[in-house]
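First comes the structure, then the notes that go with it.
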Amino acid sequence: MIDDRNPYRLLPKVDELLEDEKIGELLDSTPRRIVVESIREELDILRGDIKALSLNEEQILDRKYGLVKSIIDRTHRKHAPKLRRVVNATGTVIHTNIGRSLIGERVMDNIRDISMNYSNLEYDLDMGTRGSRYSHLEDILVEITGGEAAMVVNNNAAAVMLVLSTLARDMEVIVSRGELIEIGGSFRVPDVMEQSGARLVAVGTTNKTHLEDFQRAITEETRALLKVHTSNYRILGFTSAVSAGELSQLSREYGIPLIEDLGSGVLIDLSKYGLEYEPTVQDSIDSGVDIVTFSGDKLLGGPQAGIIVGKRKYIEDMKKNPLTRAFRVDKFTISALEATLRLYLDEPTAIEEIPTLKMLAMNMDEIGEKAQKLYDILIDGVGDRGLNLDMVEDYSQVGGGSLPLEKLPTKCIRISSDSISISELEKGLRQAEIPIIARVYRDELYMDLRTIMEGEYEIIMKGLQYSLSKIGGAIL
Ligand SMILES: *Cc1c(COP(=O)(O)O)cnc(C)c1O
């Protein structure tokens, strides 16, 4: 017996929905089980609402009308890859949470060419015998940095560990207390050092360390002096640190190698482009440091990697350390890093083609033009939807624990509203098909044009429309 007043009778069956034309199209590109799951879940939601909200027949038919679209949206969300592209509207150029450095067109071409074909990754084309995967990067790193030899591992943390393990396992390494840093993700330099098997001897105080502190701590067991670039913070005021040059003299006097963890690894003097001066890898080598380590994906603007350059005799020992096999880089990294380093052979090309450098060097005129374009598109697309939009001057950040005090003048689109919750708007942007990551400050939303790319204006407009449609019911 069918109860005419049973509201659930108005809902379609799963099989009926699978016959729908639009859902049929969906089945061409999506596994059936995911579509069926989405149909069940959307029907469950509707049943729940019928009960909880006591929907009447008219309201149910209304919802049924939008059912196929909800199923399609849900399927797209479910079937979307977990690791997804986002729009960086934060203005932080080297943002570790959303991918650090971007790869440019020419570098991508090289990755594609190498990874879609076989390559001489570990093959010596002259000899016709086995070769070394490290050889491809060594010459160019030597040429750019002025070091004698070079090698590359998976990231800078691995590089520091490999260096210490090779030079000072079960022995002592002297480091200033002012440089025992944490680098994010609760990752601490002293912990990495201890994992390497080296014994840490901290000297000096938080704000001041002198050359004599190092000298007095040298014993028979000392195998290295270590300098760590305090990339992500600065101690200001009554301070002193021992320079690489001074330490290098001491290291030569005692025949103990000097290691420097530079962190960011900048290869170009960025002060020419309006940034604070940051010691380059070349400066470090020039001041007599024996082994320098740095990241591939911070200021260098390449793939994730840990680069080690310096004296050949130490680097040859590192290549033989079993940790090298555990930290070894794959062909994606090698092809990306080699192509990135080649761009550095001509500085203007590097600034133009390495996205990280291009964004850092971008001037106010360029950013202002971008802001005007995005502003016009947004006014067109969402100008009448209860949002106040304007263009304001603000500051971008370098990020990635690099140049922490640097404030780069920039332009932002600022969005406020008297009727719409800005935190809901921000949340909706994060849930858009291509999520948009923006900053909220004092109940206003900021989108910084330094890190937004030209092709992303429409995506942002659509993201805002999506967010507004989601919070349609959440009017204050
Ligand atoms: C970022 C950083 C590291 C870690 O480098 P990863 O490439 O992220 O592993 C180590 N030391 C310093 C000083 C850093 O700034």
Side-chain angles (χ1 to χ4, degrees), residues 92-103 137 141 150-165 173 175-196 198 200 202 209 224-235 241-242 244 247 258-267 270 275-276 278-281 283-284 289 291-310 318 323-324 326-330 332-334 336-337 340-341 356 360 397-406:
T92 299
V93 178
I94 308 170
H95 197 311
T96 298
N97 301 152
I98 54 176
R100 273 201 191 165
S101 276
L102 307 185
I103 295 297
L137 294 165
L141 279 168
M151 67 179 290
V152 177
V153 290
N154 262 323
N155 51 43
N156 188 29
V160 173
M161 206 160 136
L162 175 63
V163 169
L164 294 178
S165 155
V173 175
V175 61
S176 159
R177 282 202 175 80
E179 298 177 359
L180 292 175
I181 58 169
E182 176 173 313
I183 49 179
S186 34
F187 206 80
R188 291 175 168 168
V189 169
D191 297 341
V192 182
M193 294 178 66
E194 260 154 41
Q195 281 303 314
S196 74
L200 198 67
T209 302
L225 309 179
L226 174 66
K227 189 162 174 57
V228 182
H229 186 52
T230 57
S231 353
N232 53 5
Y233 80 109
R234 294 278 187 276
I235 297 179
V242 190
L247 278 177
L258 172 61
I259 303 163
E260 183 166 26
D261 171 9
L262 262 186
S264 236
V266 59
L267 297 174
L270 291 177
L275 277 84
E276 183 189 339
E278 170 87 359
T280 62
V281 176
D283 292 342
S284 184
V289 176
I291 293 291
V292 186
T293 77
F294 52 100
S295 286
D297 57 351
K298 288 183 179 171
L299 284 171
L300 196 146
Q304 179 188 304
I307 301 164
I308 306 170
V309 295
M318 287 172 212
L323 279 180
T324 294
F327 296 159
R328 111 176 164 179
V329 279
D330 76 349
F332 298 111
T333 307
I334 296 172
L337 190 57
T340 306
L341 291 169
T356 299
L360 289 173
Q397 287 195 333
V398 178
S402 312
L403 303 167
L405 304 186
E406 186 81 55

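For ligands, and for the atoms within them, numbers begin at 1 and follow the listed sequence.
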Give yes if a backbone or side-chain nitrogen or oxygen of [X] is under 3.5 Å from a nitrogen or oxygen of ligand 1, and no if not.
X	value
Asp297	no
Asn156	yes
Ala157	yes

(message) Using the salt bridge (Lys or Arg N to Asp or Glu O under 4.0 Å) criterion, which residues pair with Glu194? Sequence neighbours excluded.
(response)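 Checked Glu194 against salt bridge (Lys or Arg N to Asp or Glu O under 4.0 Å); zero matches.
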(message) Could you check whether any heavy atom of Gln304 sits closer than 4.0 Å to an atom of ligand 1, since that is the contact criterion I want to use?
(response)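 Gln304: no contact with ligand 1 (<4.0 Å).
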(message) Tell me whether ligand 1 is touched by Arg100 - counting only heavy atoms on the residue side and a distance under 4.0 Å.
(response)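 The answer is yes, since Arg100 has a heavy atom less than 4.0 Å from ligand 1.
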(request) Give a yes-or-no answer on whether the side chains of His95 and Gln397 include a donor-acceptor pair shorter than 3.5 Å. (result)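 No, Gln397 and His95 have no side-chain donor paired with an acceptor closer than 3.5 Å.
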(request) Return yes if a side-chain donor-acceptor contact under 3.5 Å exists between Thr209 and Ser176, otherwise no. (result)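 Looking only at side-chain atoms, Ser176 and Thr209 do form a donor-acceptor pair, the distance falling under 3.5 Å.
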(message) Under the rule for side chain to side chain contact (heavy atoms under 4.5 Å, CB included), what residues qualify as partners of Ala305, not counting sequence neighbours?
(response)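 Residues passing side chain to side chain contact (heavy atoms under 4.5 Å, CB included) with Ala305: Val152, Thr333, Leu337.
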(message) If the cut-off is 4.0 Å to any non-hydrogen atom of Ser295, which atoms of ligand 1 fall inside it?
(response)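 Within the 4.0 Å cut-off of Ser295, ligand 1 contributes 5 (O), 6 (P), 7 (O).
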(request) Could you tell me which atoms of ligand 1, counted from 1 in the order shown, lie closer than 4.0 angstrom to a heavy atom of His229? (result)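 So the answer, numbered in order with elements, is 13 (C).
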(message) For a side chain to side chain contact (heavy atoms under 4.5 Å, CB included) check, start with the C-alpha distance between Glu278 and His229, then their side-chain angles and the critical distance, and finish with the verdict.
(response) CA-CA 10 Å; Glu278 170 87 359; His229 186 52; 2.9 Å; yes
(message) With a sphere of 6.0 Å drawn around CD of Gln195, does it hold more than 12 non-hydrogen atoms of other residues, nucleotides or ligands?
(response)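 No, because the 6.0 Å sphere around CD of Gln195 holds 12 heavy atoms or fewer from other groups.
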